[in-house]
Chemist: 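Please see the structure below; I have some questions.
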Amino acid sequence: MDMQRTGFSRFALSAYFWGVIAFLAFPIFVIIPISFSNSQFLRFPPQDLGIRWYETYFNDAVWVSATILSFKVALLASLVATIVGTMAVISLDRGAARTRQMLTYLITAPIIIPHIFIALGVFILAIRFGFADSEIALAGAHATIAMPFVVLIVGAAMRQMDPTIERAARVLGAGPVRAFFSATFPSLLPAIVAAGVFAFFVSFDELIIAQFMLSGKETLPMRIWADLKLEVSPTVAAVSSLLIVVTTIAMVGAELLRRRAAGVRGD
Amino acid sequence: MSGAAVSFRGVSKRYGPVDALADFDLEVKPGEFMTFLGPSGSGKTTALNVLAGFTHATAGEVMIDGRSVGGLPPEQRNVGMVFQSYSLFPHMNVFENVAFPLRLRGVAKAEVARRVGESLDMVRLADLGGRMPKELSGGQRQRVAFARAVVFEPPVLLMDEPLGALDLKLRQAMQLEIKRYHAQLGCTIVFVTHDQGEALALSDRIAVMGEGRIAQVDTPDRIYDYPKSRYVAEFIGKTNILTLEPGNAGAVRIVELGCDVPAQGALAEARMISVRPEKIERAAGRREGLIDFTARIDEVLFLGDLVHYSAVLPGGGALLFQEHRGPGATVLARGDTIELGFLLSDALPVSGREAAATAVGA
């Protein structure tokens with residue numbers, strides 16, 4: 001049995017592992033090469049390499065304005081989600097232990113609710129109260145779906161905090177607010193920033209709610225979707241490649257920040 | 001800096017049906033080193049938290065320097081505090097950590113530098129002001145925490161198991177340090193620990209606590225030599241609890257030894273006596289007034305200069321005793337039968353729950 005475990009089954013497990021990784025990463029290995037093609041159509045493998053479609057993207061007012069809109073919405077959404085989520089974590093931490101678990105489930109529920117339902121709900125509300133086609137309302141909806149991630153990330157950091165550090169600040173002479181900002185907040189900050197980056201991309205990537213909410217304007221995912229339906233130009237590949245690179249850099253940066261902070265606290 | 005008096009007057013803290021602290025009455029004198037000693041759940045930490053302002057008492061009054069502080073938040077009580085987990089601010093260097101309470105009090109910059117320097121000098125870390133907490137050893141961190149807690153010269157310093165996270169050697173070295181700080185500063189110290197050795201070594205007085213109440217308050221030597229209850233006798237050091245019952249006319253019987261002793265004074269009313277292991281010696285018919293009996297050696301714990309024995313008594317039960325290895329002394333072996341004895345004056349009547357008389361080590 002032992003021989004088999006170190007032999008065949010070990011090989012099978014690692015083959016399975018790399019199979020799954022390849023499956024997940026496959027689109028990246030197709031999209032990025034295609035984006036550097038100069039041909040008129042999406043074609044793999046690419047012939048005639050060049051950056052023509054990147055130029056198209058940056059020079060096309062429609063693409064650029066969609067990108068700017070997505071950026072604005074994501075910025076507002078992540079700001080709201082980060083502030084509200086962090087405050088939720090603090091109140092969960094300070095609140096009664098009995099209700100903490102239940103409240104945490106409640107606050108993080110948007111994670112398991114399909115976006116289509118949230119989209120429908122927000123859409124109905126938007127029509128009812130006359131804020132349809134508002135990017136601020138869209139940012140609000142995005143903040144709702146991004147906040148659970150903030151609560152999870154910042155909450156994990158908060159649980160690692162030694163509560164006596166804030167007590168020490170209090171007894172040394174700091175009021176409750178001052179004690180929080182001088183003892184607890186600096187240790188939470190890396191996690192808060194990481195959560196903010198995460199929240200930003202939750203909003204930046206989101207298509208369904210945006211599709212319901214906006215009619216006169218387009219976010220970047222909406223533009224990609226429309227482009228794919230109509231003409232399938234390699235611009236989409238160029239945009240996607242850019243998104244992959246930017247997202248990867250931001251996420252890795254945020255994760256490193258979070259880990260380094262965990263290291264400082266975990267000493 | 002001089003210390004302030006601390007008073008607890010009928011302080012209680014209930015959590016639902018549980019009394020974490022019940023009718024806690026204690027007067028700590030200015031400059032005194034007072035230790036709350038007890039196992040976890042004995043109320044010692046609750047009492048400290050009530051004094052620090054982290055926990056609100058259900059009833060009663062806490063006073064510092066004659067002033068009731070019950071309504072004050074922790075930051076207005078002007079007490080220093082050292083925690084078991086050091087609780088240094090991880091993002092501030094040593095200097096900034098120690099300067100923190102001074103900055104909150106609006107002390108001028110040059111004065112901050114001078115006083116932080118003095119405090120770090122006292123804990124012998126003057127060169128490490130620029131280090132971050134994670135770059136320090138456990139003992140160094142605790143010394144920084146101590147410097148931070150006293151830099152603003154609080155009249156009362158609270159210490160919550162400050163040596164609990166350190167290893168044995170370091171703990172002993174730090175005990176001496178704390179004694180030195182106390183002598184130098186003169187502030188009142190309220191110290192919480194579950195380590196009886198630490199309490200005996202450091203304190204002016206010890207409040208032994210159990211189940212939310214004070215079992216006994218006294219100086220270390222009196223707590224050790226004259227425990228009032230079985231609980232205190234067993235918690236501080238090691239002891240043997242022997243049961244008494246009425247014997248022949250004018251005598252009480254020590255059940256485990258199967259012998260009668262004259263019912264003098266307190267012994268007449270007592271139901272149990274406590275005899276410390278070091279008060280028991282080999283009898284060999286030497287001393288006047290020795291209560292002697294035969295026992296069989298059951299266990300031998302050889303510590304070099306000291307040997308601990310556990311012996312089986314004629315009436316059942318075990319008895320702890322110990323011997324220093326004086327000139328010519330032999331070490332007993334398991335199974336040896338030996339004549340042992342103790343002086344009646346070393347047998348101390350104690351109150352408390354009765355149980356089969358077995359020797360209990362703390």
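We name chains A, B, ... by the order of the sequence lines, and we start the count at 1 in each one.
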Chemist: Within a radius of less than 6.0 Å around CZ of A/R94, do more than 12 heavy atoms belonging to other residues, nucleotides or ligands occur?
Modeler: yes
Chemist: Check the surroundings of atom CG in A/L24: do more than 12 heavy atoms from other residues, nucleotides or ligands lie under 6.0 Å from it?
Modeler: yes
Chemist: Taking atom CE of A/M251 as the centre, does the number of heavy atoms from other residues, nucleotides or ligands within less than 6.0 Å exceed 12?
Modeler: yes
Chemist: Is the number of heavy atoms from other residues, nucleotides or ligands within 6.0 Å of CD1 (A/I111) greater than 12?
Modeler: yes
Chemist: Under 4.5 Å, heavy atom to heavy atom, which residues of residues 96-109 of chain B contact chain A?
Modeler: B/F100, B/P101, B/L104, B/R105
Chemist: Mind checking whether A/L172 and B/R148 have side chains closer than 4.5 Å, heavy atoms only?
Modeler: yes
Chemist: Within 45 degrees of the ring normal and closer than 6.0 Å to the centroid, is that where the cationic atom of A/R167 sits relative to B/F54?
Modeler: yes
Chemist: What is the minimum heavy-atom distance between A/R170 and B/P73, and which atoms define it?
Modeler: NH2-CB, 3.7 Å
Chemist: Give me the atom names and distance for the closest heavy-atom approach of A/P186 to B/H91.
Modeler: CG-NE2, 3.2 Å
Chemist: Check each atom of A/T184 against the heavy atoms of chain B and say whether the ones under 4.5 Å are side chain, backbone, both or neither.
Modeler: neither
Chemist: Please look at A/P176 and chain B and tell me whether the side chain, the backbone, both or neither of the residue comes under 4.5 angstrom of a heavy atom of that chain.
Modeler: both
Chemist: Any idea which of A/A179, A/A183, A/A174 has the most non-hydrogen atom pairs under 4.5 angstrom with chain B?
Modeler: A/A174
Chemist: I want to check something: taking the side chain as every heavy atom from C-beta on, are A/I165 and B/P90 in contact at a cut-off of under 4.5 Å?
Modeler: yes
Chemist: Determine whether more than 12 heavy atoms belonging to other residues, nucleotides or ligands lie under 6.0 Å from atom CZ of A/F71.
Modeler: no
Chemist: If you check every heavy atom in residues 80-89 of chain B against those of chain A, which residues fall under 4.5 Å?
Modeler: B/M81, B/F83, B/S85, B/S87, B/L88, B/F89
Chemist: Side chain, backbone, both or neither: which part of B/M92 has an atom under 4.5 Å from a heavy atom of chain A?
Modeler: side chain
